[in-house]
Structure formats: C-alpha cells, structure tokens
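A quick write-up on the structure given underneath.
Quick caveat: nothing in here was measured; it's all calculated off a predicted structure. Below, chain A is the first sequence line, B the second, and so on; all start at residue 1.
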Amino acid sequence: MDCLLELVLEKKDTNSKARAGYIDTDHGRIQTPIFMPVGTQGTVKAVTQKSLKEEVEAQIILGNTYHLYLRPGTEILEKAGGLHKFMNWDKPILTDSGGFQVYSLSELRKLTEEGVKFRSHLDGSEHFFTPEKVIGIERSIGSDIMMVLDECTPYPCEYDYAKNSKDMTTRWAVRNKEAFENSEPLYGHKQHLFGIVQGSVYKDLREQSARELVDIGFDGYAVGGLAVGEPAEMMYDTVDFTTDFLPEDKPRYLMGVGRPENILENIARGIDMFDCVMPTRNARNAYLFTSRGYLAMRNARHKEDFTTVDPECDCYLCKNFTKAYLRHLFIANEILALQLASLHNLRFYLNLVTKAREHIIAGTFTEWKNETVKIISKNVNSTQED
RNA sequence: GGGGAGGCGCCAAAGUUGGAGAGUUGGGGCGGACUGUAAAUCCGUUGGCUAAGCCUUAGGGGGUUCGAUUCCCUCCCUCCCCA
C-alpha cells in the first residue's frame, strides 16, 4: 500500500505547540499551517477557480461527499475524470465524508451500526451511506485526502451518547480503512485517508478515540465534533489535550474551525489544517474580516466611507474599491458584492495562516499570535474607539 | 369639460356589513447572528412619551353617531375612460 502521507516538520515553536511544515500530494505541496476554502458542491461559492488560485492563493480546497453524490452524482464525476478535471482544479482536494451532514441534517437521517440513512434534502429520496460506500464515492470524486465516515456529535452531548458514538466512529474507522485498502484510485494519482477523533468535550473519550485511530493507522488525523456551539475555551482545551495523542509526523486537521482567532489559537495547540465556511458564508452576508477587526458592511456608518476595507490586504477588493462602494453593492443586492467579499475574506484567511507560518519559522509566533488575536477579534469600530 | 375608481405607518398593497387598530402582508430602513455549507440565509426592530401605561395617527376640514379608518358634505390630490 503506497499511500503514506507525511507532514514534514520544518519548525516547531518553542513557546507553544505550533508547527510549520509541508505535506506533499500528487497535486502539489501544501504548506502548513493551512486554511482550506470550502467548496462543498465543486465550487467555492462566488469565487472562480482562477481567482482561487491566483488571488486567494489557495493550496487545497474541500469538496463534500454527500453533496457531490447527490448532485451531480458519481457517474458524471467518473465520466468527467474525477472532480479535479470536472471543476478544472489541479491542486489538492480534500473531501469530507458526509459525517458533518449526520449532524447538520440530523432531522433527515437515521443512524444505525451499519451506516446512516439520509433523506435527500433536495428531493426526499432515501440514500444509505456506509463507511464502505463513502470510500467508493470518494474514489469516484478522486480527492487527494479522503475523510472517513464518522458521526459529528452535537453540543451539548451526554457522556453516554458521546461514548457510544465515539465507539461507533472507531468501528466505522476500521471499516473505512479496510475499504480504503481494498480499493484503488481511479485516476492515476494517490489518495490518502484521514481518521476523525471524536468524543465531544470529554477528555477520556478524546484520548481513547485518538489512541484507537492511531492504532488503526491513518495518513492524517482530524479532530471533529468541535465548533458545534461549545464555548471557545472548551474547544481550545479539547484540542490542546487531544493533539498530545497524535503522531508528530502526521497532519492534524481541526474540522470546521473557524473564526480567525480560533485558527490562531488552535495553531498554537498543534493543529496544521483548517477549513470553515465562515469566510465565504459571512462574506455573502456582508461580514468582512480584516487585519483591524471585523466589519458589518451593510451598516450605515460605511455609507460615505471612501477608505479601503483593509489597508493591509493585497486582494482585488482592497486594492481597487472603497467601503462605500462595497456597501452600495450589498445594499443594491448586486452579485459583485458577494464575489468581492468572498475573495477578500478568503485572501485574509490565507494571509493569516501564511503569516502564522512565517512567525513560527521566525520563532516569533506566540507573541505575534497574542497581539493579533486581540485586534482581529473585535469590531473595527470599537477598536477605533479604544 | 363629462364620467368612473381611489388616497391607512418610510413605500406598495390587503382588510374593515360602523365597535379587536399603533394594526395585517410585502418591500425599504436600522441592528444582530452565522464555525467539516439544506445559507446571496436567518433573527430582531422600525410614530411619540415622563414607557407593565399613556398620547397622536387612516389626504385636509366639517357633519351624523354612544362609537367613524368605515356613512354623509366639502375641498385637495392620484389613476382610468370619454370629449
């Protein structure tokens, strides 16, 4: 089995657990820590592939097994030659398994030991997902990094439920791994498989889960089931605790996180990879992240503000347009607003992790992180009033 | 010039056989939320005040009535048809 993926460590921070490194895939190198834009349905909403590559400088993006299976379906994906060719994206792709939909579509699914039965949110039709079936779909998609099928538990989550769920996720992980080893990539490039640590906010369950998954052996390890409503400190504690049980030479991926400050805090706790819908979804809802804090672009106070959104940002929006213009586009419900804002937020996230990486390598990470978190987590206006 | 229809909140409409009205629906405005995307979505708010209450308010003015947004008179305005 020639599928092992390694995280090559370049530098470890001395004051924190932050790491800088890289991961090589057949579609190119990923420098870590990294943020991965979410492209659920084979598109990062409102951003072209050209822009993702040349302006955001995304190194890897996400796709979603559940959504791509429903539409366009594996037959089309296979005829297209896989998702890379279908969407004309030649850099790495990671696919989530549908485990998040177990959480987010909880009213439309039924869980059993064998798998999860979904009623399609599109047409109500029934579909049964098992670890084996999900691996098959991810082969059809051709993602560079495939995620195992897991159960993302909600918060709060009773201990007994969390334990049973974690145990099932571990049993599913075994089946995922077997299905992975018993199948082959379809398009000539290597595919890798990540396990997902569960256990809600219970440390003993997180430890068990991590140890069990490491025993099974994966190309990388994700921390799942967080950022589902628990306090940020609880998320940080859980991550901090969990990463101690994960191998140093494998990538660590915190699923679904998060706000810019969440990302920096979790880099400090030993995470290498992040994804989140927040930069794109919030962009479409007129909420912009900047190096000085966040901005609600629909607010009337920007009506006559002819300054740039973020003077420290090098994106197309910030180099060419004013807050007043962007606000006008949002108020007028113009599509360009969504495009410019999405581009900006993604560029901000990529710039943020790039800076984090530079500071880790320079040995100045912790100080920079602490200062940056204070600034970027505030509303820009209240920052100015300070 | 003649005939007809109609004017309610910031806007556009609904409704009211005379009694629930600061009150319906949509839009707009203002504010908030969003974390492995059922999301260009969702939520709150949107007359005033000395604020568990009170006041003002249905084109303007007047009248009938215990009671009028509703009925009558008059003036103003908008739209449609005819000349």
Which is true for [X] with a 4.0 Å heavy-atom rule: it touches a base, it touches only sugar-phosphate, or it touches nothing?
X: A:Gln198; answer: base
X: A:Tyr287; answer: base
X: A:Gly225; answer: base
X: A:Thr280; answer: base
X: A:Leu108; answer: base
X: A:Asn64; answer: sugar-phosphate
X: A:Gln101; answer: sugar-phosphate
X: A:Ile196; answer: base

[N] to [M] separation - [atom1] atoms, rounded to the nearest Å:
N: B:rA22; M: B:rU46; atom1: P; value: 15 Å
N: B:rC49; M: B:rA38; atom1: P; value: 45 Å
N: B:rC81; M: B:rG31; atom1: P; value: 44 Å
N: B:rG7; M: B:rC11; atom1: C1'; value: 14 Å
N: B:rC80; M: B:rA13; atom1: P; value: 13 Å
N: B:rG3; M: B:rU70; atom1: C1'; value: 25 Å
N: B:rC71; M: B:rU17; atom1: P; value: 10 Å
N: B:rU69; M: B:rC55; atom1: P; value: 15 Å

> Is the Lys NZ or Arg CZ of A:Arg252 less than 6.0 Å from the centre of A:Phe194's six-membered ring, within 45° of the axis?
Replying inline: no

> For A:Tyr22, is the NZ or CZ atom of A:Arg29 found under 6.0 angstrom from the centre of its six-membered ring and inside 45 degrees of the ring axis?
Replying inline: yes

> If you group Ile, Leu, Val, Met, Phe, Trp and Tyr by side-chain heavy-atom gaps below 4.5 Å, do A:Ile137 and A:Leu70 land in one group?
Replying inline: yes

> For A:Phe365, which of A:Asn370, A:Ile360, A:Thr14 qualifies under side chain to side chain contact (heavy atoms under 4.5 Å, CB included)?
Replying inline: A:Ile360

Pairing partner of [N] (Watson-Crick or G-U wobble, both distances under 3.5 Å):
N: B:rG36; value: none
N: B:rG67; value: none
N: B:rG1; value: B:rC82
N: B:rC10; value: B:rG27

> RNA chain B: A:Asn282 or A:Tyr66, which has the more 5' nearest nucleotide?
Replying inline: A:Asn282

> Starting at the 5' end of RNA chain B, which residue's closest nucleotide do you reach first, A:Asn333 or A:Val38?
Replying inline: A:Val38

Compute whether any side-chain donor of one residue and acceptor of the other, for [X] and [Y], lie under 3.5 angstrom apart.
X: A:Tyr187; Y: A:His84; value: no
X: A:Arg109; Y: A:Gln101; value: no
X: A:Asp275; Y: A:Tyr253; value: yes
X: A:Thr74; Y: A:Glu78; value: no
X: A:Thr169; Y: A:Gln198; value: no
X: A:Asp305; Y: A:Tyr325; value: no

Whole angstrom value for the distance that separates [atom2] of [N] from [atom1] of [X]:
X: A:Ile267; N: B:rU35; atom1: CD1; atom2: C1'; result: 15 Å
X: A:Glu261; N: B:rU35; atom1: CD; atom2: C1'; result: 11 Å
X: A:Arg284; N: B:rA40; atom1: CZ; atom2: C1'; result: 7 Å
X: A:Tyr103; N: B:rU37; atom1: OH; atom2: P; result: 12 Å
X: A:Asn345; N: B:rA39; atom1: CG; atom2: P; result: 19 Å
X: A:Leu343; N: B:rA40; atom1: CG; atom2: P; result: 18 Å
X: A:Tyr349; N: B:rC34; atom1: OH; atom2: P; result: 11 Å
X: A:Met297; N: B:rC34; atom1: CE; atom2: C1'; result: 18 Å

From C-beta outward on [X], which listed nucleotide comes closest to its side chain: [options]?
X: A:Lys45; options: B:rG36, B:rA40, B:rU41; value: B:rA40
X: A:Asp275; options: B:rU35, B:rA40, B:rG36; value: B:rG36
X: A:His121; options: B:rC34, B:rA38, B:rU35; value: B:rA38
X: A:Val257; options: B:rG36, B:rA40, B:rU35; value: B:rU35

> Base, backbone or nothing for each nucleotide of nucleotides 25-31 of chain B, written B, S, -, heavy atoms under 4.0 angstrom, 5' to 3'?
Replying inline: ----SSS

> Taking N and O atoms by type only, does the side chain of A:Arg281 place a donor or acceptor under 3.5 Å from a partner on the base of B:rU37?
Replying inline: yes

> Quick one: does A:Ser104 reach the base of B:rU37 with a side-chain donor-acceptor pair under 3.5 Å?
Replying inline: no

